[in-house]
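Before any comments, here is the structure.
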Amino acid sequence: MEEKHPLLVHKISKVISDFFNPLVSLFIFFIYMSIREYSLKDSILYFAPILLMIIVPVVIWLVWNVKTKRYTNMDVSDRVQRKTLYIFIACCVIIYLIFNYLKNGYIDLVMLFILILIFTMQISNFFIKSSMHTAFNVFVAALFFTLNWKAGLIWLAIAALVGITRIILKRHTVKEVFMGAGIAFLVSFIYLYCNIQFQH
């Protein structure tokens, strides 16, 4: 009985951790934002470039690197392996930002701050492997907060839950989870401040 309980907690933690990975969490936010803020046509025009230039390439990159044994797993839990992941994601986001600016004449604030979050986590990675799952879910909570404060609070609770699962699964230490959350809180605070300033 004692062995089954930890096994069940581990399985539940894995489901939560796998589902609320950074890509899925961002995808859920963009779907929510699209339904709330845009028509179907505008949603497709906004989301298709993000899907094709960031999400799909990152998924392909992860799968390819896991298959070729460059990455141990899809979480990229190894600190050394993470360096190339951060660089690849940053390159994808930069390409999208340039494309969006040339096409629409403005800088996508959400993607700009995702880029800042990636750069900050890359710097942190030289000293401590901060939790990307926790960081991105805290930032997604800030994104939700700009549209609906209740949704933001719900997602903040999800971010805390995800952080706990990362510790249970031994993907991160408590210190690494707090580091990821701390970085994301700082980036999120600046993002929310900028978001308020641009609205006025």
Side-chain angles (χ1 to χ4, degrees), residues 13-35 38 40-104 107-126 129-141 143-144 155 158-159 162-163 165-166 169-172 176 180 183-184 187:
S13 295
K14 186 154 181 18
V15 169
I16 292 167
S17 183
D18 287 347
F19 184 78
F20 292 107
N21 75 62
L23 288 173
V24 173
S25 296
L26 283 168
F27 185 80
I28 291 168
F29 167 74
F30 283 121
I31 295 295
Y32 177 82
M33 185 180 73
S34 296
I35 292 166
Y38 300 116
L40 181 62
K41 183 186 174 185
D42 289 339
S43 295
I44 292 166
L45 289 173
Y46 175 71
F47 189 64
I50 293 171
L51 187 69
L52 296 173
M53 292 183 192
I54 300 172
I55 296 174
V56 171
V58 170
V59 170
I60 292 168
W61 176 265
L62 284 167
V63 170
W64 179 71
N65 276 285
V66 169
K67 280 195 173 183
T68 56
K69 310 279 189 217
R70 287 180 177 89
Y71 293 164
T72 311
N73 51 48
M74 290 288 282
D75 284 347
V76 195
S77 299
D78 185 273
R79 189 171 150 190
V80 176
Q81 294 171 3
R82 283 194 162 199
K83 291 176 185 176
T84 56
L85 176 63
Y86 286 135
I87 292 165
F88 184 79
I89 296 170
C91 288
C92 291
V93 175
I94 289 166
I95 289 165
Y96 167 78
L97 283 167
I98 293 167
F99 166 83
N100 185 70
Y101 183 77
L102 293 174
K103 184 175 180 286
N104 300 313
I107 294 170
D108 187 323
L109 198 64
V110 172
M111 284 301 160
L112 177 63
F113 273 87
I114 285 173
L115 183 63
I116 292 166
L117 184 60
I118 291 291
F119 275 132
T120 311
M121 293 193 73
Q122 175 74 303
I123 293 164
S124 164
N125 196 54
F126 289 111
K129 183 188 76 173
S130 49
S131 171
M132 191 188 277
H133 275 66
T134 309
F136 267 86
N137 276 290
V138 168
F139 184 69
V140 168
L143 296 179
F144 272 109
W155 211 273
I158 289 169
V162 169
T165 67
R166 303 306 287 164
L169 295 170
K170 298 189 183 340
R171 299 291 194 199
H172 290 284
E176 290 167 353
I183 289 168
V187 173

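In this text the structure is predicted, and so the values were computed from the model without any measurement. Sequence positions, counted from 1, serve as the residue numbers for this chain.
- We find the OH-CG distance between Y86 and L117 to be 8.5 Å, quoted to the nearest 0.5 Å.
- Aromatic ring centroids of F27 and Y32 lie 6.0 Å or more apart.
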Verdict with reasoning, I114 to F136, per side chain to side chain contact (heavy atoms under 4.5 Å, CB included): CA-CA 8 Å; I114 285 173; F136 267 86; 4.0 Å; yes
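- In this structure a side-chain-to-backbone donor-acceptor pair under 3.5 Å is missing from N125 to R82.
- No side-chain heavy atom of C92 sits less than 4.5 Å from a side-chain heavy atom of M53.
- Residues L143 and F113 have side chains not in contact (no heavy-atom distance under 4.5 Å, counting atoms from C-beta outward).
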Stepwise side chain to side chain contact (heavy atoms under 4.5 Å, CB included) test for M132 and N21: CA-CA 8 Å; M132 191 188 277; N21 75 62; over 6 Å; no
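- L62 is listed as a side-chain neighbour of L85, based on a closest heavy-atom distance under 4.5 Å.
- A donor-acceptor pair is defined here as one N or O able to donate and one able to accept, closer than 3.5 Å; no such pair exists between the side chain of S34 and the backbone of S43.
- Rounding to the nearest 0.5 angstrom, the gap separating the CD1 atom in I183 from the CZ atom in F139 is 13.5 Å.
- Between the side chains of Y46 and N100, no donor-acceptor pair is found at a separation under 3.5 Å.
- Put simply, the side chain of T165 does not reach to within 4.5 Å of the side chain of H133, judged on heavy atoms.
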Verdict with reasoning, L26 to V140, per side chain to side chain contact (heavy atoms under 4.5 Å, CB included): CA-CA 6 Å; L26 283 168; V140 168; 3.8 Å; yes
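- No side-chain donor-acceptor contact under 3.5 Å links R70 to the backbone of Q81.
- Inter-residue side-chain proximity for W155 and S25 is flagged as met; some heavy-atom pair is nearer than 4.5 Å.
- The CE atom of M111 sits 10.5 Å away from the CD1 atom of I118 when rounded to the nearest 0.5 Å.
- Proximity of I123 to T120: side-chain heavy atoms (C-beta onward) are nowhere separated by under 4.5 Å.
- Residues F88 and N65 have side chains not in contact (no heavy-atom distance under 4.5 Å, counting atoms from C-beta outward).
- Defined by atom type and a distance below 3.5 Å, a donor-acceptor pair is missing between the side-chain atoms of R166 and T134.
- Under a cut-off of 6.0 angstrom, the local environment of CD1 in I107 is sparse, with at most 12 non-hydrogen atoms contributed by other residues, nucleotides or ligands.
- The heavy-atom pair separating Q122 from K83 by the smallest distance is NE2-O, 3.3 Å.
- Under a 3.5 Å cut-off, the side chain of N137 and the backbone N or O of F20 do form a donor-acceptor pair.
- When all heavy atoms are compared, the tightest approach of R171 to D75 is NE-OD2, 3.1 Å.
- Of the inter-residue distances, the one linking L115 atom CG with Y96 atom OH reads 12.5 Å to the nearest 0.5 angstrom.
- Side-chain polar atoms of D78 and Y71 form no donor-acceptor pair below 3.5 angstrom.
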E176/S130 under side chain to side chain contact (heavy atoms under 4.5 Å, CB included): CA gap, chis, key distance, verdict: CA-CA 4 Å; E176 290 167 353; S130 49; 5.6 Å; no
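- For the atom pair CG (D108) and CD1 (I50), the distance works out to 5.5 Å, reported to the nearest 0.5 Å.
- Within the 4.5 Å cutoff, no side-chain heavy atoms of V59 are placed close to those of W64.
- Atom CZ of F99 is separated from atom CG of N104 by 7.0 Å, given to the nearest 0.5 angstrom.
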